[in-house]
Amino acid sequence: MLYNTQIGNRRAIGSVKGSPMVELVWDGKYDKDGNRVAPLRVSLPFQTVETVNEDPIERRRQLDLFAAGRETAWRNRLIWGDKKYVLPSLLPEFAGKVDLIYIDPPFATGADFSFQANVGDQRFTKDPSIIERKAYRDTWGDGIESYVSWFYESVVILRELLSETGQLYVHLDWHIVHYAKAILDEVFGITNFQNEIVWRRANTHNDAKGYGRIHDTILYYRMPDAKFNLTYTNYREEYIDQTYRHKDSDGRRYTTLPLHAPRGTPSDKTRTFGELVLAAPEGKSWRWSQSKIDKALAEDRIVISRNNIPRYKKYLDEAKGVLLQSLWTDMKILSHPEILGYPTQKPEALLERIIRASSNEGDLVLDCFCGSGTTAAVAEKLNRRWIACDLGRFAIHTTRKRLLGIDNARPFVVQNLGKYERQVWQKAEFGEEAAHKMRSYRKFILDLYHAELVDGYAWLHGVKGGRMVHVGSVDSPVAVGDVRQMAIEFRRAIGSGKDAPTRAGVDVLGWDFALDMNETAQQIAAEAGVNIRFLRIPREVLEKKAVDQGDIRFFELAALDVDLRQQGRSVTIRLTDFMIPPDDVPADVQKAVRQWEDWIDYWAVDFNYRDDTFHNQWQSYRTRKERGLLISVQHTYETPGEYVVLVKAIDILGNDTTKTLRVTVM
């Protein structure tokens with residue numbers, strides 16, 4: 001049970017004047033000996049799966065620097081993964097180096113992980129994926145207590161990433177903000193708390209049972225030596241009408257201010273205003289020198305009253321405005337064309353205000369719940385470096401498209417933790433001993449697939465419905481050579497005993513697949529008289545709760561057909577077909593599909609793939625404003641050679657499918 005307590009003899013973090021602060025305590029925060037339990041700290045290497053917006057010359061230069069062991073240029077990072085692994089994995093490189101952190105964590109609503117997707121002219125709400133539902137259950141499954149534990153583990157790592165001159169903004173609503181405040185005070189220090197910012201997110205929200213909730217709360221923490229950039233907002237109209245009530249002949253509005261000030265030092269000097277020679281009133285002195293007065297007179301910026309009191313003009317268009325306060329009611333509600341289909345999306349104006357106030361150009365900004373990518377997009381426009389992370393595949397896809405829509409966006413990389421995360425899971429679940437670990441792992445996956453484990457084969461590991469089953473390794477993608485071995489073994493298995501297949505088919509379960517598996521491997525299998533299906537092992541199998549609750553589903557790979565036409569050194573790449581298993585798309589929405597192109601949301605081409613990272617050299621994608629999609633692209637090679645062309649298509653749910661082609665340029 002969650003409760004408040006005085007820390008007692010435990011050392012209070014951020015306590016004031018030696019007195020203990022109030023602490024939130026929950027089951028699992030301390031071990032049986034009273035020691036605080038540290039968050040998970042598995043540091044894993046990131047895998048770069050895509051480079052975006054990098055031209056070929058810069059790509060070559062970066063490769064040369066890397067090969068020479070020299071430091072490569074900074075690349076902004078878009079990371080797909082669970083923050084419990086991503087944040088600790090950032091520590092080796094970024095501990096104490098992040099200048100600004102903005103997070104907008106889940107609030108406790110069903111909209112936290114949902115998004116809206118388009119199929120043709122139809123729009124539908126996509127419910128959270130299994131992994132996102134699991135994350136939501138982990139966060140809120142046991143109510144407030146599980147949330148504060150989850151939140152605490154996150155902010156402890158964020159504190160280590162934040163620099164000693166850094167700043168933190170935590171965006172929450174009424175559900176949890178008061179609990180989060182207590183945890184943040186403990187981790188970041190109560191003396192570093194600067195403001196509770198109230199942001200009006202809606203004009204009205206009627207509630208028959210109480211007051212309409214129209215605001216969120218942003219908790220702002222600043223380290224002692226952090227630099228804060230003053231922000232000014234516009235004057236209210238009534239203030240302008242009352243204060244700047246005068247107008248010049250050209251319509252410029254102004255107010256007048258006195259040229260006298262309370263005397264700092266005795267002064268009996270006079271000032272000349274044209275033919276007038278005036279002394280300062282008793283007890284006051286002149287604000288300006290004679291030369292400054294002469295300049296202002298020449299510019300018609302001084303007004304002299306009937307009783308010879310001079311005042312100077314202050315124009316409205318030269319005023320900075322009002323220093324920003326903690327109540328933010330001046331931002332427009334999120335509207336087209338900015339809306340991207342995320343219920344929790346925040347307006348760019350909100351992030352622009354935060355980033356301008358609490359960072360400078362070149363500073364590093366982090367958002368580990370990036371959603372639709374607002375933080376990354378604004379940081380990019382304001383010339384900040386950025387790291388954006390999210391658990392949702394579609395969030396990463398949406399953010400990538402959003403960044404590509406920014407004029408002159410700098411190169412960035414898309415990363416994940418890939419096989420390294422799976423290796424940690426496999427070791428923890430099945431032990432160290434190699435043979436036992438592999439057999440237990442395969443049985444685990446086969447059980448989830450509702451297949452029976454079989455022995456005596458190297459490449460065929462199970463049987464289901466008369467079809468043999470292969471379970472791919474956590475370390476490497478299923479390759480074409482693997483399929484050849486499966487086909488050879490399958491021929492030996494026919495009629496060989498109780499575990500022999502009764503149907504000429506193999507189901508291949510894999511975490512990753514080599515490029516063009518659906519075409520090349522299918523051809524090999526067909527020559528051997530074997531029907532083969534490729535199904536992706538979902539990342540959800542890493543999560544015990546998802547397994548326990550039966551939330552695991554295996555999906556077949558999509559198939560992409562591409563035509564390549566060559567004329568001299570020019571090639572034309574054209575999409576000709578795309579087939580996906582539409583399991584996650586509602587039946588009524590599926591009926592709205594008029595042509596295969598409707599399933600594609602985005603596609604990109606690397607015209608010189610080098611078996612390393614996909615380099616996005618060209619792309620076409622749909623936006624809320626422009627629903628059309630180009631289905632062909634032309635490219636001209638500058639030099640002769642053998643080239644591999646890699647085409648990547650991403651469907652409406654954010655899943656990617658690739659296709660390779662080969663070109664010989666003379």
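- Each salt bridge (Lys or Arg N to Asp or Glu O under 4.0 Å) pair with one or both residues in residues 89-100, not counting sequence neighbours, appears once here: Arg77-Glu93.
- Here the closest non-hydrogen pair linking Val37 and Tyr30 is CG2-C, 3.9 Å.
- For the atom pair OH of Tyr420 and CG of Asp475, the computed distance is 9.5 Å after rounding to the nearest 0.5 Å.
- A salt bridge links Asp104 and Lys346; the closest N-O separation between the charged side-chain nitrogens and carboxylate oxygens is under 4.0 Å.
- Between the side chain of Arg384 and the main chain of Ala379, no donor-acceptor pair closer than 3.5 Å is present.
- Aromatic ring orientation, His397 versus Tyr602: perpendicular (interplanar angle above 60°, classes split at 30° and 60°).
- The main-chain N or O of Gly418 is found under 3.5 Å from a side-chain atom of Asn416 such that the two form a donor-acceptor pair.
- A cation-pi arrangement is found for Lys648 relative to Phe614, the charged atom lying closer than 6.0 Å to the ring centre and inside a 45° cone about the ring normal.
- Between Lys401 and Asp601 a salt bridge is recorded (basic side-chain N to carboxylate O distance below 4.0 Å).
- Annotation for Arg41: atom CZ counts as buried by contact number, over 12 foreign heavy atoms lying within 6.0 Å.
- The existence of a salt bridge linking Glu432 and Lys427 is confirmed by a sub-4.0 Å separation between a basic side-chain nitrogen and an acidic carboxylate oxygen.
- Judged by distance alone, the side chains of Asn229 and Asn360 do bring a donor and an acceptor atom under 3.5 Å apart.
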- prompt: Where do Ile387 and Phe94 land on the side-chain contact (heavy atoms from CB on, under 4.5 Å) test, with the steps shown first?
  reply: CA-CA 10 Å; Ile387 300 172; Phe94 296 106; 3.9 Å; yes
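- Although no hydrogens or angles enter the test, the distance criterion places a donor-acceptor pair under 3.5 Å between the side chain of Gln167 and the main chain of Ser358.
- Between Arg159 and Glu164, at least one side-chain nitrogen of the basic residue sits less than 4.0 Å from a carboxylate oxygen of the acidic one, meeting the salt-bridge criterion.
- Below 30°, between 30° and 60°, or above 60°: for Tyr221 and Phe188 the angle between ring planes is between 30° and 60°, a tilted geometry.
- A distance-only check finds no donor-acceptor pair linking the side chain of Arg75 to the backbone of Val413 [under 3.5 Å].
- Between Gly166 and Ala226 the shortest heavy-atom distance is O-CB, 3.9 Å.
- Listed here is the closest heavy atom pair of Ile214 and His205: CG2-N, 3.6 Å.
- In summary, Asp363 and Lys227 do not engage in a salt bridge, as defined by a charged side-chain N under 4.0 Å from a carboxylate O.
- In this structure, Glu186 pairs ionically with Arg36, as a charged nitrogen and a carboxylate oxygen lie closer than 4.0 Å.
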field: side-chain contact (heavy atoms from CB on, under 4.5 Å) evaluation trace for Asp367 with Val365
entry: CA-CA 7 Å; Asp367 182 354; Val365 179; 5.9 Å; no
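- Phe444 has its ring centre less than 6.0 Å from the ring centre of Phe430.
- Residues Asp512 and Lys419 are not paired through a salt bridge, judged by the lack of any N-O separation under 4.0 Å between the basic side chain and the carboxylate.
- No option in Glu153, Glu23, Glu145 other than Glu23 meets the side chain to side chain donor-acceptor pair (under 3.5 Å) test with Lys29.
- In terms of heavy atoms, Pro105 sits closest to Leu172 at CG-CD2, 3.7 Å.
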message: side-chain contact (heavy atoms from CB on, under 4.5 Å) for Leu91 and Ile157? Distances and angles first, verdict last.
response: CA-CA 8 Å; Leu91 284 174; Ile157 303 296; 4.1 Å; yes
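- Ring centroids of Trp150 and Phe369 are separated by less than 6.0 Å, placing the two rings close together.
- More than 12 non-hydrogen atoms from other residues, nucleotides or ligands lie less than 6.0 angstrom from CG of Asn35.
- Put simply, the side chain of Lys83 never gets that close to the backbone of Leu391: no donor and acceptor are under 3.5 Å apart.
- One N or O on the side chain of Gln345 and one on the backbone of Glu338 form a donor-acceptor pair closer than 3.5 Å.
- The main-chain N or O of Ile396 is never found under 3.5 Å from a side-chain atom of Asp390 such that the two would form a donor-acceptor pair.
- Using a 30° and 60° split on the angle between ring planes, Tyr220 and Tyr169 fall in the parallel class, below 30°.
- With hydrogens and angles disregarded, a donor-acceptor distance shorter than 3.5 Å links the side chain of Arg385 to the backbone of Gly362.
- Taking the six-membered ring where the residue is Trp, Trp386 and Phe412 present tilted rings, their angle falling between 30° and 60°.
- Checked by atom type, the side-chain pair Trp74/Asn76 shows a donor-acceptor distance below 3.5 Å.
- When every heavy atom of Val52 is checked against every heavy atom of Leu404, the shortest pair comes out as CG1-CD2, 3.4 Å.
- Contact record, Phe554 with Arg536: CD2-O, 3.7 Å, taken as the closest heavy-atom pair.
- Between Phe394 and Trp80, a ring centre-to-centre spacing not shorter than 6.0 Å is recorded.
- Defined by atom type and a distance below 3.5 Å, a donor-acceptor pair is present between the side-chain atoms of Arg410 and Asn383.
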message: Walk me through whether Cys368 and Leu158 qualify under side-chain contact (heavy atoms from CB on, under 4.5 Å).
response: CA-CA 9 Å; Cys368 58; Leu158 291 175; 4.3 Å; yes
